[in-house]
Amino acid sequence: MEMKFSPNDLHLASSNMKRGNQKDQHNELETSQHEEYDTSSPLNLRKLSKIILPPLGASSYNQNQIKSKGRIISPMDSRYRIWETFMVLLVAYSAWVYPFEVAFLNFYPKRELWIADNIVDLFFGVDIVLTFFVAYIDSRTQLLVRDSGKIAKRYLSTWFLMDVASTVPFELVLYLITGNREMGLSYSLLGMLRFWRIRRVKQLFTRLEKDIRFSYFWVRCARLLSVTLFTMHCAGCFYYKLADMYPHKGKTWIGVLNPNFQETNLWIRYISAMYWSITTMTTVGYGDLHAQNTVEMVFIIFYMLFNLGLTAYIIGNMTNLVVEGTRRTMEFAESLNQQHLLEQLPKSICKSIVQHLFLPTVVKVYLFKGISKENLLIMVAKMKAEYIPPREDVIMQNEAPDDVYIIVSGEVEIINCENDKEEVVGTLHSGDMFGEVGALYCRPQSYTYRTKTLSQLLSLKTSALLDATHTKLEDLERMLKNILQHQKKLKDLSIGDLNVDNGEEEGDPNMASSLLTVADTGNAAFLDELLRARFDPDIGDSEGRTPLHIAASKGHEECVFVLLKHACNVHVRDNNGNTALWDAIASKHSSIFRILYQYAAVSDPHTAGDLLCTAAKRDNLTVTEQLLKEGISVDSKDLHGYTAIQIAMAKKNVDMVNLLMMNGADVIDINSYEFPSTTLNEMLQKREVGHRIVVHDTMPNEVPLGRHDEREQNCKWKKPSGPICTPRVSIYRGNPVVRRETCCMESGRLIKLPDSLEQLKTIAGQKFGFDARNALVMDGEGAEIDSIEVIRDNDKLFIVEDSNSPM
């Protein structure tokens, strides 16, 4: 069953909580007819919620829905509420008439007042009987007690005796016994029990202060005014009674001016008494009306002391009301109370309230168009309402937010900050969203978002947004399509955060731009979510670039791992013929290049040769040098059997040939190319006496790239330290000194370093065609090498026959 609450219900509850807090500030104890409600305690808050919040399934709060059952009356019944209000009016009548009768009518009220008094007492008697049938809320179980026996027992043990004492018509009883309506002082004092009824007025004001339909300020002012007028009325009546009862009429406050004041008009005497009471309470002064005897002085002393406390109470309350009434952020504080109230409610009720309040707004947001209702409800339940005052920055430029925001009310400005200058480029209104690009695509925000007015925002964590779409991945696809379409509109206004391809078709089911944009921003987690939704990892843009191309060129290593995990094709070429490997090495992202090369070389043994040959075709010295630094073999062949130096010589690119030649490239059939032989001979001569200009970036225990086809032959695997690779050396025939002097141009041979000198000599004999078993092995300076252990990787060795030896 769905629980529905209207915004007025929440506003009513929050206002009641706020007013309950103000009541605590005034240090008053608010007591209802049957129970005390203190909103500061969780127990009584639940009790309060039973009265304020509507029943389950009700769309709005209506007191008429609470009906009486049988003879038992519900305290929330509208008819009983009307009866309580009527009884308050009778209390006001009693509180004013009784002091007036005692003071000015000499214990003998007029017939009309006497009849009215007895009728009022009759109504209060009926109310006593009616109270035995009014249900109450049990303080322990928080349930409405409708048992007549419990109701009667509770009433008899609490206020029954005082209610009866304040209702007994002593004048009528005296008249029935003696036949005389004139009462003495003792009977008049018993009538003071009627002041007990004043508690009903207090209950009325307490209820009105908590009712959002009435202004708290004016209800509070009416309460303070009522207390003040009642105090002045009672004090004036009693002060006049002192003068009327004093034996020497001329020595009283009123007798000094008018010795025969008892014969003066009734209203003149009453106005004189009220004039004295008001001037005394306000401490303005007495004028001619001042105490003339000791009794009056004693009464005035106590009255003035009482006025000190009453005046302090009134000033304190009025000051608080003025401050609260003039504070600009009053509405903002009330809104915070609403959020505080929601946090105290049970989760099920809080979830229903939030859905009822915020779902109509969330449905209209562009990002959630076409999303299933189940996911919408999940996301709405996780949203939090925030109230932001004007001129506050919600999201800063170049900041990557973790939340997305929806504007419920207010306005938010889009500000572009450049060179310490701020420019407002747009304004968002109710129903708009911001922060979704930075949150979803994990990229810095392009603009600052600042509130223009007091704004109510709904915030949602990005993690909660993605978690809600795990069960329905088509919802995630729909959201991405919505955000791309929305960014196209914003791009027309020059405030789009994404570079959206205008050539993309609206009906593209694979959502190519989403994958490409996520790969561009480097959000690996989001990219993984999209690929789990079965998006095509090899989808390309208008230039044929796949997400792997973009991630490799941008250096997003984690995105590359995610794409490889989802079996993307590393050999896909864009419209320019570039693979992701080429983009990685061209952008100098060595770690990504090595990762991709390990995958590419497994399925294509010509990967290294294709890269080098492509660099040679494009005359790209930088990429060629980077490839050689990564350990790519300079003699690697492409699919057609060509090497890079062959292509460079065919194109007559001297710089490329020189780079490859100096890095040990083998020259085969020199005369078959149109490359100048003189230039080539000079390069060979320099290589004989020079060194490689490119140093491998591979670590000692790493296998050089481009040699995977010979991994098993070149490397001896030793666990757990990993592979140890055999070094390579260049061998030449003849003494190095003689070769330099005679400018010998015979090329050398690049071989693997064997395990012994005997094996080295055997290999040299096979390469150069002579018996080298008795030959000498020398380094470039002519020093004899007698141990294989001193030879290092990339060393140049010279095999010298015995007859050529200087010795």
Side-chain angles (χ1 to χ4, degrees), residues 400 437-443 462-463 465-467 469-470 473-474 476-481 483-484 498-501 504 508-608 610-611 614 623 626-627 630 705 708:
V437 174
L440 290 178
Y441 291 96
C442 191
R443 60 178 296 172
T462 307
S463 57
L465 179 63
L466 295 178
D467 291 343
T469 58
H470 278 170
L473 296 177
E474 58 270 19
L476 179 59
E477 180 180 346
R478 184 68 231 180
M479 283 195 297
L480 293 174
K481 190 170 185 178
I483 197 173
L484 289 174
L498 297 176
N499 294 324
V500 182
D501 183 11
E504 180 196 359
D508 184 4
N510 292 317
M511 295 296 293
S513 295
S514 299
L515 287 172
L516 297 172
T517 304
V518 174
D520 180 72
T521 57
N523 192 339
F526 195 22
L527 182 63
D528 188 51
E529 293 288 341
L530 296 178
L531 294 174
R532 287 184 181 181
R534 299 182 181 179
F535 282 31
D536 185 2
D538 297 325
I539 195 70
D541 58 10
S542 59
E543 297 179 357
R545 291 167 56 83
T546 66
L548 187 62
H549 282 86
I550 296 175
S553 62
K554 293 288 184 178
H556 301 315
E557 186 172 334
E558 294 183 0
C559 290
V560 171
F561 276 116
V562 170
L563 290 166
L564 293 175
K565 182 180 70 173
H566 289 276
C568 68
N569 189 352
V570 297
H571 300 293
V572 175
R573 297 181 181 271
D574 60 15
N575 296 348
N576 297 322
N578 298 332
T579 63
L581 265 170
W582 178 269
D583 289 340
I585 197 65
S587 302
K588 299 182 179 180
H589 299 304
S590 299
S591 60
I592 295 179
F593 174 78
R594 294 176 184 178
I595 295 170
L596 294 177
Y597 187 86
Q598 301 295 335
Y599 280 83
V602 172
S603 56
D604 184 5
H606 302 287
T607 300
D610 287 338
L611 289 171
T614 301
V623 172
Q626 287 294 124
L627 289 171
E630 294 297 333
L705 299 179
H708 290 271

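Numbers here simply count residues along the sequence, with the first being 1. Here the structure is a predicted model, which is why all the values come from computation and not from measurement.
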Around atom NZ of Lys565, are there more than 12 heavy atoms of other residues, nucleotides or ligands at under 6.0 Å?
yes

For Val570, the option from Leu564, Thr579, Thr607 that meets side chain to side chain contact (heavy atoms under 4.5 Å, CB included):
Leu564

State which residues pass side chain to side chain contact (heavy atoms under 4.5 Å, CB included) with Ala580; sequence neighbours excluded, sorted by chain then number.
Leu548, Ala552, Leu596

To the nearest 0.5 angstrom, please state how far the CG atom of Asp610 sits from the CH2 atom of Trp582.
11.5 Å

Could you state the interatomic distance from NE2 (His589) to CD1 (Ile595), rounded to the nearest 0.5 Å?
12.0 Å

Would you name the heavy atoms of Ser591 and Glu557 that are closest together and state the gap between them?
OG-OE1, 3.1 Å

Going through the distances and angles, do Leu531 and Val562 end up as a side chain to side chain contact (heavy atoms under 4.5 Å, CB included)?
CA-CA 9 Å; Leu531 294 174; Val562 170; 3.8 Å; yes

Passes side chain to side chain contact (heavy atoms under 4.5 Å, CB included), Asp574 versus Glu543? Steps please.
CA-CA 6 Å; Asp574 60 15; Glu543 297 179 357; 5.8 Å; no

To the nearest 0.5 angstrom, please state how far the CD1 atom of Ile550 sits from the CG atom of Leu516.
4.0 Å

Hey, is the main chain of Ser542 close enough, under 3.5 Å, to the side chain of Asn575 for a donor-acceptor pair?
yes

Quick one: closest heavy-atom pair of Pro537 and His566, and the distance?
CG-O, 3.9 Å

For Asn576 and Asn578, indicate whether the former's side chain and the latter's backbone hold a donor-acceptor pair under 3.5 Å.
no

When rounded to the nearest 0.5 angstrom, what distance separates CD1 in Ile585 from OG in Ser590?
5.5 Å

Within this structure, what is the CD-CZ distance for the pair Gln598 and Phe593, rounded to the nearest 0.5 Å?
9.5 Å

If a pair satisfies salt bridge (charged side-chain N to carboxylate O under 4.0 Å, His left out) and one of its residues is in residues 545-555, list it, with sequence neighbours excluded.
Asp520-Lys554, Arg545-Asp583

Could you check whether any side-chain N or O of His549 sits under 3.5 Å from a backbone N or O of Val572, counting only pairs where one atom can act as donor and the other as acceptor?
yes

Using 0.5 Å steps for rounding, measure from the NZ atom of Lys588 to the CD atom of Gln626.
5.5 Å

